Amino acid sequence: MTKIQQINIELTEPLDLTTSLTSGQCFRWRIDSEERWVGVIESRIIRLTQKQNFLKVESLESSNQSMDLEETIYDYFRIGDDLKEVQERIGWDTRVKYGINKFPGMRILRQDPWEVLVSFILSSTSNIPRISRTVELLSSKYGERISLDQSIRYTFPSPELLAEVGEARLRELGCGFRAPYVASAALAVADGKLPLYELRESSYLEAMKHLTGLKGVGDKIADCVMLFSLDKLRAFPNDRWITKALHDWYGFPLRSKYEDSREWSWNRFGDDAGYANQYLFWNIRQSTRPLRSTATI
DNA sequence: TAATAACCTCGCAA
DNA sequence: ATTGCGAGGTTAT
């Protein structure tokens, strides 16, 4: 039985834990009856409770010396990004400002690229409840079980493992027509044809080229992977919600080219396009549909 | 180059 | 309860 480790972090940067974890970037955090968020970062089970600017972090003591618990959290929530600075740079835009005012502590997460790639391949013509369900099924069936007293989570299965699982069983899990896409992505990463983790060092364009080389990954999914896991904060994913926002708020035609919104966002927000996207996205999504009750474990 | 159907299955609304 | 529609896209035609 590994010892439980607990730390308390006093936050010097804005962080709204709940909004950051429920704003469509990730699909595998759950809130328990004690109002604690339970999830997995770097194969470690993590439990988080926020009280104003204090963050209680619980996990198991790790033998991995490379990153201690506090570093892991800082990395995941991109505490190194000076959010107030970002917000000052893009807040001149009225619609972005509106989102900032509503969700001042919403941060872009820095997640595991493989998990994000699979999650967004699965997002194609789907919906958040279904994506969450399938990603959770993948983990509970093929990941490693990890527990922290009462809390139970699963690691996300490696590319090697999912490559071995194969298309047929991915279909059985409910991946649908996305099953061959996940299977071939798993193969590509497992045998090194896609240097997924090295893309953090690559340019936006280079990373885009690699990702869209995969079947089932077009510009939108590639942008999501780049923004939420590959440190490409310029990425401006244009999904149906952003399309609606661009139409309703900025006079874009409803059927415009993907490339046009990318150019527009870069001219307007530069390297902060990704943060601007997130505030626009969550703002229009929240105003169009009320937040669902959150799932409990 | 631009438009359109097909793709799996599930969640949700009626 | 049962049915029918549409869903955070991509590919093939």
Side-chain angles (χ1 to χ4, degrees), chain A residues 19-29 99 103 106 108-109 111 115-138 140-141 165-186 188 194 208-229 235-249 252-263 265 273-295:
Chain A
T19 305
S20 300
L21 295 179
T22 56
S23 51
Q25 310 176 49
C26 55
F27 302 92
R28 239 153 58 74
W29 285 88
F103 316 107
M106 180 168 64
I108 302 274
L109 304 175
Q111 304 174 67
E115 177 170 345
V116 175
L117 176 59
V118 174
S119 301
F120 281 92
I121 287 176
L122 293 173
S123 78
S124 185
T125 354
S126 190
N127 49 63
I128 292 179
R130 185 183 172 186
I131 302 162
S132 309
R133 177 188 174 278
T134 312
V135 174
E136 188 61 29
L137 249 125
L138 271 179
S140 56
K141 184 138 185 168
V165 168
E167 177 183 338
R169 278 181 286 183
L170 289 169
R171 270 184 195 272
E172 282 171 23
L173 273 182
C175 293
F177 64 82
R178 311 155 196 87
Y181 301 154
V182 173
S184 71
L194 174 67
M208 172 62 75
K209 213 161 54 183
H210 272 101
L211 290 170
T212 52
L214 296 169
K215 285 286 183 208
V217 180
D219 283 1
K220 189 271 172 182
I221 290 177
D223 271 331
C224 287
V225 176
M226 294 202 285
L227 181 58
F228 302 139
S229 74
F236 191 83
N238 185 348
D239 64 357
R240 66 169 61 241
W241 296 98
I242 288 294
T243 298
K244 179 172 164 48
L246 293 181
H247 172 259
D248 290 1
W249 297 339
F252 263 65
L254 268 176
R255 303 191 57 105
S256 60
K257 287 198 296 185
Y258 195 93
E259 183 63 20
D260 292 346
S261 63
R262 174 183 294 141
E263 285 303 319
S265 74
Y275 270 103
N277 183 287
Q278 188 62 20
Y279 290 117
L280 292 173
F281 170 77
W282 202 234
N283 191 18
I284 194 152
R285 206 172 187 293
Q286 291 302 85
S287 54
T288 310
R289 196 142 55 104
L291 187 62
R292 267 174 223 292
S293 59
T294 353

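Just so we're clear, the structure is a prediction, and the values are computed from it rather than from any experiment. Scope of the values below: all heavy atoms of this structure, side chains included, with no hydrogens, waters or symmetry mates.
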So which protein N/O to nucleotides 10-13 of chain C N/O distances come out below 3.5 Å?
from, atom 1, to, atom 2, distance (Å)
C/dT10, OP1, A/G218, N, 2.7
C/dT10, OP1, A/G218, O, 3.1
C/dT10, OP1, A/K220, N, 3.4
C/dT10, OP1, A/I221, N, 3.1
C/dT11, OP1, A/G216, N, 3.2
C/dA12, OP1, A/K215, NZ, 3.4

Exercise for the section: For A/I121, report the nucleic acid contact type (base, sugar-phosphate, nothing); a contact means any heavy atom under 4.0 Å. Expected result: nothing
Handout entry: Heavy-atom closest pair, residues A/L122 and A/C175
Key = CD2-SG, 3.7 Å
Practice task
Return each pair, listed once, that meets side chain to side chain donor-acceptor pair (under 3.5 Å) where at least one residue sits in residues 174-185 of chain A; pairs must be two or more places apart or across chains.
Solution key: none
Practice task
Return the nearest nucleotide to the side chain of A/R255; candidates are B/dT4, C/dA7, C/dG8.
Solution key: B/dT4
Problem - Check: A/F252 main-chain N/O paired with A/S256 side-chain donor or acceptor under 3.5 Å - result: no
Exercise for the section: Check whether any side-chain heavy atom of A/P237 lies under 4.5 Å from a side-chain heavy atom of A/I242, and answer yes or no. Expected result: no
Practice task
Rounded to the nearest 0.5 Å, what's the gap from CZ on A/F103 to CH2 on A/W282? Could you check?
Solution key: 7.5 Å
Exercise for the section: Looking at every strand, decide which applies to A/R178 at a 4.0 Å heavy-atom threshold: base, sugar-phosphate, or nothing. Expected result: base
Problem - Centroid-centroid distance, A/F120 to A/F27, less than 6.0 Å - result: yes
Fill in the blank from the handout: Atom CH2 of A/W241 and atom C1' of C/dG9 are separated, to the nearest Å, by 15 Å
Completion exercise
Rounded to whole Å, the CD-C1' distance (A/E259 to B/dT1) equals 15 Å
Exercise for the section: For A/L254 and B/dT4, give me the distance from atom CG to atom C1', rounded to whole Å. Expected result: 17 Å
Problem - P atoms of B/dA3 and C/dG8, separation to the nearest Å - result: 23 Å
Fill in the blank from the handout: Contacts of A/E172 meeting side chain to side chain contact (heavy atoms under 4.5 Å, CB included) (sequence neighbours excluded), chain-then-number -> A/R169
Handout entry: Nucleotide C/dA7, atom P - distance to CG of A/L122 in whole Å
Key = 18 Å
Practice task
Would you mind reading off the distance between A/E167 atom CD and B/dT9 atom P, rounded to a whole angstrom?
Solution key: 11 Å
Problem - Donor-acceptor contact below 3.5 Å, side chain A/Q25 vs main chain A/L109 - result: yes
Problem - Candidates C/dG8, C/dG9, B/dC12 - which lies nearest the side chain of A/P129 - result: B/dC12
Practice task
Calculate the interatomic distance between A/I128 atom CD1 and C/dG9 atom P; express it in whole Å.
Solution key: 11 Å
Practice task
Give a yes/no answer on whether the side chain of A/R171 brings an N or O atom under 4.0 Å of OP1 or OP2 in B/dC8.
Solution key: yes
Exercise for the section: Return the stacking result for B/dC7 and A/F177: yes when the ring centres lie under 5.5 Å apart and the planes under 30°, no otherwise. Expected result: yes
Exercise for the section: Determine whether any donor atom in the side chain of A/S123 lies under 3.5 Å from an acceptor atom in the base of C/dG8, or the reverse, and answer yes or no. Expected result: no
Problem - Donor-acceptor pair under 3.5 Å, A/R130 side chain vs B/dC8 base - result: yes
Exercise for the section: Using a 4.0 Å heavy-atom cut-off across all strands, classify A/F120 as base, sugar-phosphate, or nothing. Expected result: nothing
Which atom pairs, one a donor and one an acceptor, fall under 3.5 Å between side chains of residues 219-226 of chain A and the rest of the protein, sequence neighbours left out?
from, atom 1, to, atom 2, distance (Å)
A/D223, OD1, A/Y204, OH, 2.6
A/D223, OD2, A/Y258, OH, 2.5

Handout entry: Integer angstrom distance from the P of C/dT11 to that of B/dC10
Key = 23 Å
Practice task
Write down the distance between CZ (A/R169) and P (B/dT9), rounded to a whole number of angstrom.
Solution key: 17 Å
Tabulate protein N/O versus nucleotide N/O from nucleotides 3-6 of chain C, keeping only pairs under 3.5 Å, one per line.
none

Exercise for the section: Using atom types as modelled and distance alone, determine if a side-chain donor or acceptor of A/E136 lies under 3.5 Å from a backbone N or O of A/I131. Expected result: no
Fill in the blank from the handout: Base-paired stretches in DNA chain B with three or more consecutive Watson-Crick or G-U pairs, both distances under 3.5 Å, amount to B:3-7 with C:9-13, B:9-14 with C:2-7
Practice task
State, yes or no, whether a side-chain contact exists between A/L214 and A/L117 at a heavy-atom distance under 4.5 Å.
Solution key: yes
Handout entry: A/R262 and A/N238, any side-chain heavy atoms less than 4.5 Å apart
Key = no
Handout entry: Separation of atom CZ in A/R133 from atom C1' in C/dA7, rounded to whole Å
Key = 15 Å
Exercise for the section: Decide yes or no for A/C26 and A/F228: does some side-chain heavy atom of the first lie under 4.5 Å from some side-chain heavy atom of the second? Expected result: no
